[in-house]
There are 2 protein chains.
Amino acid sequence: MTGGAEARDDAIFKRSSCPITNGLNIFGDKWTLLVIRDLMLGKCRYADFISSPENIASNILADRLKRLEAAGLVSRQAYQQKPVRYEYVLTEKGNDLKPILEAISRWGRRHCPGTDVFRPVDRFKLR
Amino acid sequence: MTGGAEARDDAIFKRSSCPITNGLNIFGDKWTLLVIRDLMLGKCRYADFISSPENIASNILADRLKRLEAAGLVSRQAYQQKPVRYEYVLTEKGNDLKPILEAISRWGRRHCPGTDVFRPVDRFKLR
DNA sequence: CAGTATCCATTTTGATACTG
DNA sequence: CAGTATCAAAATGGATACTG
């Protein structure tokens with residue numbers, strides 16, 4: 001274990017009366033929102049996330065996916081048996097993060113010149 | 001030094017073509033957006049931030065304020081001399097983070113029952 | 001491929017003490 | 001009050017190796 005998801009489930013579920021604090025307890029770290037971004041861009045398999053330009057380490061990715069599942073933002077579905085393999089999809093709770101990502105993207109576009117447009121796929125158009 | 005602002009100025013100014021990555025390089029950590037939230041709630045002095053319920057450590061706060069200033073989201077103005085003391089205010093670039101905080105707040109209100117409303121003060125009504 | 005596990009270096013934090 | 005300094009502990013990160 002990398003001091004991973006299990007060790008910090010308490011952090012995920014910690015409760016404050018501030019909605020921002022609660023949100024950040026779940027996704028306020030360096031990697032989680034990038035994984036969410038990838039999910040919104042239509043990525044759903046391990047290798048998809050690994051191949052993103054930010055170069056997330058495999059152990060960190062595994063940890064974040066577990067945590068996101070524990071927090072109910074992501075669910076996984078087996079797409080093959082023997083060996084069983086999963087793909088990851090946003091739940092409604094996870095999909096509701098879209099306005100946040102869009103707001104971040106808009107800020108980045110305005111204040112960090114030369115950045116691209118963020119075009120989340122409509123998950124209900126997928127598959 | 002705590003491996004503080006100076007040591008990571010490169011992280012703040014690191015550039016990606018993804019606007020989300022760029023944004024998160026600046027404010028995608030555990031504490032920065034909470035300081036921003038406080039600023040939007042009208043807090044502007046050291047003791048104000050320290051008194052927030054999340055209990056930020058004084059060294060972390062000092063580091064984040066420096067970083068935010070280096071990134072151009074916050075500026076500080078002396079409100080007294082001998083000893084000189086500063087209060088911190090959001091720049092326009094910092095104030096543009098408001099839609100992000102509002103989106104996070106909306107998500108938190110929806111998915112973390114029992115949380116309060118986030119009511120940023122209009123900074124142009126201040127003083 | 002899709003993970004899991006491990007090792008180890010670097011970062012980040014948290015607590016506390018100290019200064020003008 | 002408004003910070004700065006120090007330091008140990010914890011978290012995080014990156015590289016790499018291993019498994020079915």
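Here is the naming used below: chain letters follow the sequence lines, and residue numbers restart at 1 for every chain. Note that the structure is a prediction, hence the values are computed from the model and not measured.
Proximity note for A:R64 (side chain, C-beta onward) versus D:dG13, C:dA2, C:dG14: the nearest is D:dG13. Of the candidates C:dT13, D:dT6, D:dA2, the closest approach to any side-chain atom of B:Y46 belongs to D:dA2. Nearest nucleotide to the side chain of B:A47, out of D:dT6, D:dA2, D:dT12: D:dA2. With C:dG14, C:dA2, C:dA5 as the choices, the nucleotide that has an atom nearest any side-chain atom of A:S58 turns out to be C:dA5.
Separating the CG atom of A:N55 from the C1' atom of D:dA15 is a distance of 12 Å, rounded to the nearest angstrom. Computed from coordinates, the A:E87 CD to C:dA2 C1' distance equals 13 Å when rounded to whole Å. Counting to the nearest Å, the P atom of C:dC8 and the CG atom of A:N59 are 15 Å from each other. In this entry the distance linking CD1 of A:I12 with C1' of D:dA11 reads 14 Å, nearest Å. The CG-C1' distance, from B:D29 to D:dT12, rounds to 13 Å in whole Å. Put simply, CG on B:L61 is 10 Å from P on D:dA2, counting in whole angstrom units. When the C1' atom of C:dA2 is taken as reference, atom OH of A:Y88 falls 8 Å away, rounded to whole Å. Between A:I60 atom CD1 and C:dC7 atom C1' the separation is 14 Å, expressed in whole Å.
Positionally, the nearest nucleotide of DNA chain D for A:E54 lies more toward the 5' end than for the other of A:R85 and A:E54. Comparing A:P83 and A:I56 by the nucleotide of DNA chain D whose heavy atom lies nearest to each, the residue mapping closer to the 5' end is A:I56.
A close approach under 4.0 Å does not occur between any side-chain nitrogen or oxygen of A:R76 and OP1 or OP2 of C:dA2. Between B:Y79 and the phosphate of D:dA2, there is a side-chain N or O to OP1/OP2 separation shorter than 4.0 Å. Phosphate contact (OP1/OP2 of D:dT4, side-chain N/O of B:K66, threshold under 4.0 Å): present. Side-chain N/O atoms of B:K30 include none lying less than 4.0 angstrom from OP1 or OP2 on D:dA10.
Pair assignment for D:dT6: C:dA15, on the basis of Watson-Crick or G-U wobble contacts that are both within less than 3.5 Å.
In summary, A:D96 and B:R110 engage in a salt bridge, as defined by a charged side-chain N under 4.0 Å from a carboxylate O. Remark: A:R119 does not engage A:E102 in a salt bridge, criterion side-chain N to carboxylate O under 4.0 Å.
Put simply, A:L65 and A:Y79 are part of two different groups of oily side chains (I, L, V, M, F, W, Y) that touch within less than 4.5 Å, one to the next.
Shortest non-hydrogen contact noted between B:I26 and B:A71 is CG2-CB, 4.1 Å.
With B:R85 contributing its side chain and B:A78 its backbone, the two residues share no donor-acceptor pair below 3.5 Å.
Across all strands, A:F49 comes closer than 4.0 Å to no nucleic acid atom at all (heavy-atom distances).
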